[in-house]
Amino acid sequence: MEIITTIQQLQEVRNTITTSVGFVPTMGALHDGHISLIKQAREQNEILIVSIFVNPTQFLKGEDLSTYPSKDEADKKICELAGVDYLFMPNINTMYSNDELGITAPIIRGFVLEGYNRPGHFDGVLQIVLKLFNLVRPTNAYFGKKDAQQLALIKQMVRNLYLQINIIECEIIRDTDGLALSSRNVYLNDEERKIALNISKSLREATKLILLGEYNIGKITKQMRSTLSQTDIEYIQIVSRNFTYIEECELQNTIILVATKVGTTRLIDNLWI
Ligand code: AMP
């Protein structure tokens with residue numbers, strides 16, 4: 001595996017590649033969720049490029065940019081063992097100058113849910129992903145359904161800007177106790193972790209209700225609110241897989257999304273029905 005830190009190096013390497021390129025962008029502190037994306041990309045492409053970059057433009061003031069977990073040495077080992085060919089680890093000054101052209105998330109999908117609670121977050125996500133796409137020029141790029149809205153917006157960016165990249169959707173990886181893996185889980189103490197299990201529990205209960213024929217969104221979210229009562233709920237939303245409003249749950253076309261704080265740690269999770 002070769003570690004690349006400059007744009008020039010990355011462009012030089014990219015210009016020598018004529019086969020398929022799989023790309024997995026991450027913010028590091030890699031866990032089994034990231035590794036599942038990397039493994040899938042390894043199987044489906046000749047060349048595999050992973051990036052690790054904690055992107056400042058997607059963090060709002062007061063969020064955890066300065067304390068975001070970083071495990072560079074462990075991450076390098078994980079990537080090496082997973083068969084990554086090139087690991088791109090730029091620093092902030094490599095990726096950004098002080099006066100940058102921006103990108104604005106679309107209104108319908110970009111300003112609800114995460115976009116409403118974290119205004120500007122998706123502008124920053126799309127900006128960095130587009131920069132990385134232009135550098136890596138991947139054949140296939142891998143994103144987790146854990147960040148369902150991010151995935152939908154990246155697919156829209158690819159459509160709207162005519163990018164010739166296949167976006168591959170990857171399943172959510174959970175711990176054995178059901179908690180969706182996240183780099184932020186390390187912030188949780190033992191007590192908080194127990195409380196956080198109610199997030200996946202609430203989603204499982206919602207699924208059970210739906211499978212029993214309860215499609216009423218109000219009734220389902222009421223049950224979820226009660227299960228999540230020990231947490232500080234930001235939103236529980238049930239939308240179509242296109243992130244549009246639905247009157248009631250529709251099988252094969254529903255996503256249930258939760259964002260909630262456990263202590264000071266903000267966690268998100270979702271389930272696709
Ligand atoms: P991050 O490092 O949080 O920016 O995540 C990098 C990629 O890994 C994104 O596409 C995430 O959706 C994906 N990812 C993060 N956690 C999980 C998980 N538990 N299961 C599947 N994919 C995940």
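All heavy atoms count here, side chains included; hydrogens, waters and symmetry mates do not. We count ligands from 1, going down the list as the structure has it; atoms in each ligand are counted the same way. Just so you know, these numbers come straight off a predicted model, no measurement behind them.
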- From the options Gln150, His31, Lys145, select the one whose nearest heavy atom is closest to atom 16 (N) of ligand 1.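 Minimum heavy-atom distance to atom 16 (N) of ligand 1 goes to His31.
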- Item | Among Glu169, Met27, His34, Arg184, closest by any non-hydrogen atom to atom 5 (O) of ligand 1 |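 When every heavy atom of Glu169, Met27, His34, Arg184 is considered, His34 comes closest to atom 5 (O) of ligand 1.
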Ligand 1 versus [X]: contacting region, heavy-atom distance under 4.0 Å:
X	result
Pro25	backbone
Asp32	neither
Glu171	backbone

- Message: The criterion is salt bridge (charged side-chain N to carboxylate O under 4.0 Å, His left out); which residues satisfy it with Asp75, sequence neighbours excluded?
- Response: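 Asp75: no salt bridge (charged side-chain N to carboxylate O under 4.0 Å, His left out) contacts found.
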- Message: Checking side chain to side chain contact (heavy atoms under 4.5 Å, CB included) between Phe88 and each of Ile3, Ile52, Leu135, which is the one that passes?
- Response: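 Result: among Ile3, Ile52, Leu135, Leu135 is the only option passing the side chain to side chain contact (heavy atoms under 4.5 Å, CB included) with Phe88.
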- At what distance is the nearest protein heavy atom to atom 11 (C) of ligand 1, and which residue and atom is it?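 Here the nearest protein heavy atom works out to Asp147 OD2, 3.1 Å.
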- atom 23 (C) of ligand 1 [closest protein heavy-atom partner, distance rounded to 0.1 Å]: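 Result: Lys146 CB, 4.0 Å.
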Regarding [X] and [Y], does a basic nitrogen lie under 4.0 Å from an acidic carboxylate oxygen?
X	Y	value
Asp123	Arg118	no
Lys146	Asp269	no
Arg266	Glu114	yes
Glu80	Lys77	no

- May I have all residue pairs that pass side chain to side chain donor-acceptor pair (under 3.5 Å) and include part of residues 153-163, sequence neighbours excluded?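 Sorted result for residues 153-163: Arg109-Gln156, Lys155-Glu169, Gln156-Asn160.
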Under 4.0 Å from a heavy atom of [X]: which atoms of ligand 1 are those, numbered in the order shown and with their elements?
X	result
Leu37	7 (C), 8 (O), 10 (O), 13 (C), 22 (N)
Ile172	20 (N), 21 (C)
Phe143	10 (O)

N or O contact, [X] vs ligand 1, cut-off under 3.5 Å:
X	result
Gly144	yes
Leu181	yes
Ile173	yes

- Query: For Ala141 and Ile165, which heavy atoms make the closest approach, and how far apart are they?
  - Reply: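 Taking Ala141 first and Ile165 second, the nearest heavy atoms are CB-CG2, 4.0 Å.
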- For the residue pair Glu248 and Ile217, what are the closest heavy atoms and their distance?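 The pair with the smallest heavy-atom distance is CA-CD1, 3.8 Å.
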